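Values below: every heavy atom of this structure, side chains too, minus hydrogens, waters and symmetry copies. Computed from a prediction, not measured in an experiment: that's the story for all the values here.
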Amino acid sequence: MIRILAVGNSFSQDATALLELLSPQIKVRNLYIPGCPLSYHAELAGTGERAYQLQEGGEMCVPQLVSLEEGLQSGEWDHITVQQVSGLSGVEESYEPHLHELLAFLRARSDAAISFHRTWAYEAGCTHPDFPRYGCDRSRMADAVLQASEHVCRQEGLPVIPTGDMIARLREHAFFDPLRGGLSLCRDGFHLSLNFGRCAAAAVWAKYFTGEIPPFLLRNDLSEGYRLIAEELMRMP
């Protein structure tokens with residue numbers, strides 16, 4: 001069993017909601033605060049406030065909020081993931097010193113390997129208030145997220161879960177491009193759709209942590225959307 005704790009927000013919720021279904025050898029829990037940036041995660045590491053939902057399958061799995069330390073103590077974790085809030089993910093100066101402080105807290109309390117979850121750009125036409133920071137351009141946002149996270153993760157020695165890369169690649173297909181009459185991978189312009197979007201994210205995590213493509217995506221009777229996810233997953237290192 002591979003045991004993963006995500007320290008994140010609704011974007012880690014999207015990425016992990018279907019993960020155990022795709023890869024039964026994985027146990028994943030998500031420490032969730034909606035819209036939570038690295039700065040607030042780092043602050044909560046210092047205060048110990050019980051501000052997180054502990055989630056399983058994208059839903060709260062204990063009746064009370066927990067602190068970051070309580071989340072760490074809720075299991076024995078092989079891996080921990082961290083991430084920046086989506087609107088700031090392409091703004092390099094937003095990462096530090098908060099990421100460094102959060103990593104120091106986690107490393108002092110766990111021997112788990114830590115990875116950075118690179119999130120996705122918003123969809124064309126998204127009305128999220130942070131989208132104008134990137135000229136309301138999904139390609140520009142994707143490039144900014146890639147560049148900022150690559151630089152920061154090199155500095156901190158963090159490997160990257162390339163979820164945002166997968167979403168960008170899928171949007172190159174007309175099937176997943178609403179600008180060309182296709183389906184959006186987002187349900188509201190920024191959160192992932194409950195079927196293809198969440199499946200694509202979970203598939204990236206599954207391959208990253210197990211080295212294998214989920215068996216579901218290897219079936220020969222898949223619809224076009226799932227077939228495209230499988231094809232892009234096979235192309236990713």
Side-chain angles (χ1 to χ4, degrees), residues 1-86 88-89 95 97-119 149 153 156-163 191-192 194 198-199 201-212 214:
M1 181 67 67
I2 300 170
R3 299 158 300 182
I4 306 166
L5 180 68
V7 179
N9 48 45
S10 58
F11 275 40
S12 55
Q13 179 186 49
D14 275 347
T16 60
L18 302 180
L19 183 52
E20 290 186 1
L21 294 176
L22 286 187
S23 292
Q25 69 268 45
I26 289 177
K27 170 188 173 180
V28 62
R29 298 294 180 266
N30 180 43
L31 284 172
Y32 166 86
I33 299 174
C36 189
L38 283 168
S39 58
Y40 192 41
H41 287 303
E43 179 182 329
L44 290 171
T47 66
E49 180 183 348
R50 290 185 169 123
Y52 294 91
Q53 284 187 21
L54 184 64
Q55 295 185 334
E56 176 184 4
E59 299 294 338
M60 193 172 183
C61 63
V62 296
Q64 65 280 337
L65 297 179
V66 301
S67 68
L68 179 54
E69 183 142 17
E70 287 171 336
L72 286 170
Q73 294 173 350
S74 68
E76 295 184 5
W77 310 108
D78 302 304
H79 299 274
I80 298 171
T81 70
V82 296
Q83 64 191 64
Q84 179 58 295
V85 68
S86 61
L88 295 177
S89 290
Y95 284 75
H98 319 297
L99 177 58
H100 192 79
E101 293 170 353
L102 177 61
L103 292 175
F105 178 90
L106 297 173
R107 287 168 174 158
R109 290 160 177 80
S110 175
D111 293 327
I114 303 178
S115 299
F116 182 82
H117 178 214
R118 179 153 62 225
T119 54
S149 58
C153 288
E156 295 288 356
L158 291 177
V160 174
I161 308 169
T163 308
H191 292 112
L192 293 178
L194 300 180
R198 282 188 165 184
C199 179
V204 172
W205 281 54
K207 184 176 180 181
Y208 177 87
F209 287 109
T210 70
E212 301 174 356

Holding to side-chain contact (heavy atoms from CB on, under 4.5 Å), I want the full list of residues that pass it with [X], two or more places apart in sequence or in another chain.
{"X": "Arg109", "value": "Glu69, Leu72, Phe105"}
{"X": "Glu70", "value": "Arg50, Val66, Ser67"}
{"X": "Glu49", "value": "Tyr40, Leu44, Thr47, Ala51"}
{"X": "Leu21", "value": "Leu18"}

Does a donor on one side chain sit under 3.5 Å from an acceptor on the other, for Thr16 and Asn30?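 Asn30 and Thr16 do not have a side-chain donor-acceptor pair below 3.5 Å.
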Do the side chains of [Y] and [X] get nearer than 4.5 Å, heavy atoms only?
{"X": "Val7", "Y": "Thr81", "value": "no"}
{"X": "Thr119", "Y": "Gln83", "value": "yes"}
{"X": "Gln25", "Y": "Thr210", "value": "yes"}
{"X": "Ile161", "Y": "Arg118", "value": "no"}

Nearest 0.5 Å, please: how far is [atom2] in [Y] from [atom1] in [X]?
{"X": "Leu19", "Y": "Ser12", "atom1": "CG", "atom2": "OG", "value": "11.5 Å"}
{"X": "Gln64", "Y": "Gln53", "atom1": "CD", "atom2": "CD", "value": "11.5 Å"}
{"X": "Ile26", "Y": "Ile4", "atom1": "CD1", "atom2": "CD1", "value": "4.5 Å"}
{"X": "Leu31", "Y": "Gln13", "atom1": "CG", "atom2": "CD", "value": "12.5 Å"}

Between Phe11, Tyr208, Trp205, which is the residue that forms a ring pair (Phe, Tyr, Trp, His ring centres under 6.0 Å) with His117?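 Running ring pair (Phe, Tyr, Trp, His ring centres under 6.0 Å) over Phe11, Tyr208, Trp205 with His117 returns exactly one hit, Trp205.
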Flag, side chain of Asp14 to backbone of Arg198, donor-acceptor distance under 3.5 Å: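 Not a single qualifying donor-acceptor pair exists.
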When you measure from the side chain of Gln55 to the backbone of Met60, do you find a donor-acceptor pair of N or O atoms at a distance under 3.5 Å?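 Here the side-chain-to-backbone pair does not exist.
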Carboxylate-amine/guanidinium proximity below 4.0 Å for Arg29 and Glu20: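 Yes, Arg29 and Glu20 are salt-bridged.
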Look at Lys207 together with Glu212 and state whether they make a salt bridge at an N to O cut-off of under 4.0 Å.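 So Lys207 does not pair with Glu212 through a salt bridge.
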Least distance between heavy atoms, Leu5 atom then Gly71 atom: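 The answer is CD2-O, 3.8 Å.
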Can you name the closest pair of heavy atoms from Ala201 and Ala15 and give their distance?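 That closest heavy-atom pairing would be CB-CA, 3.7 Å.
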Enclosure of Gln73 CD (heavy-atom neighbours >12, cutoff 6.0 Å):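 For Gln73, atom CD is crowded (more than 12 foreign heavy atoms under 6.0 Å).
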May I ask you to check whether over 12 heavy atoms, not counting those of Glu59, lie within 6.0 Å of atom CD?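 12 or below, so no.
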Identify all side-chain donor-acceptor contacts of residues 32-39 below 3.5 Å with residues at least two apart in sequence or on another chain.
none

Checking Ser115 against His79 for the side chain to side chain donor-acceptor pair (under 3.5 Å) test, could you report, in this order, the C-alpha distance in whole Å, the side-chain angles of both residues, the deciding distance, and whether it holds? CA-CA 7 Å; Ser115 299; His79 299 274; 5.0 Å; no
Side chain to side chain contact (heavy atoms under 4.5 Å, CB included) between Ser149 and Tyr95, intermediate numbers included: CA-CA 9 Å; Ser149 58; Tyr95 284 75; 4.1 Å; yes
Given side chain to side chain contact (heavy atoms under 4.5 Å, CB included), test Glu101 with Leu103 step by step and report yes or no. CA-CA 5 Å; Glu101 293 170 353; Leu103 292 175; over 6 Å; no
Quick one: side-chain hydrogen bond (donor to acceptor under 3.5 Å, both in side chains) partners of Ser110, sequence neighbours excluded?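 So Ser110 forms no side-chain hydrogen bond (donor to acceptor under 3.5 Å, both in side chains) with any residue.
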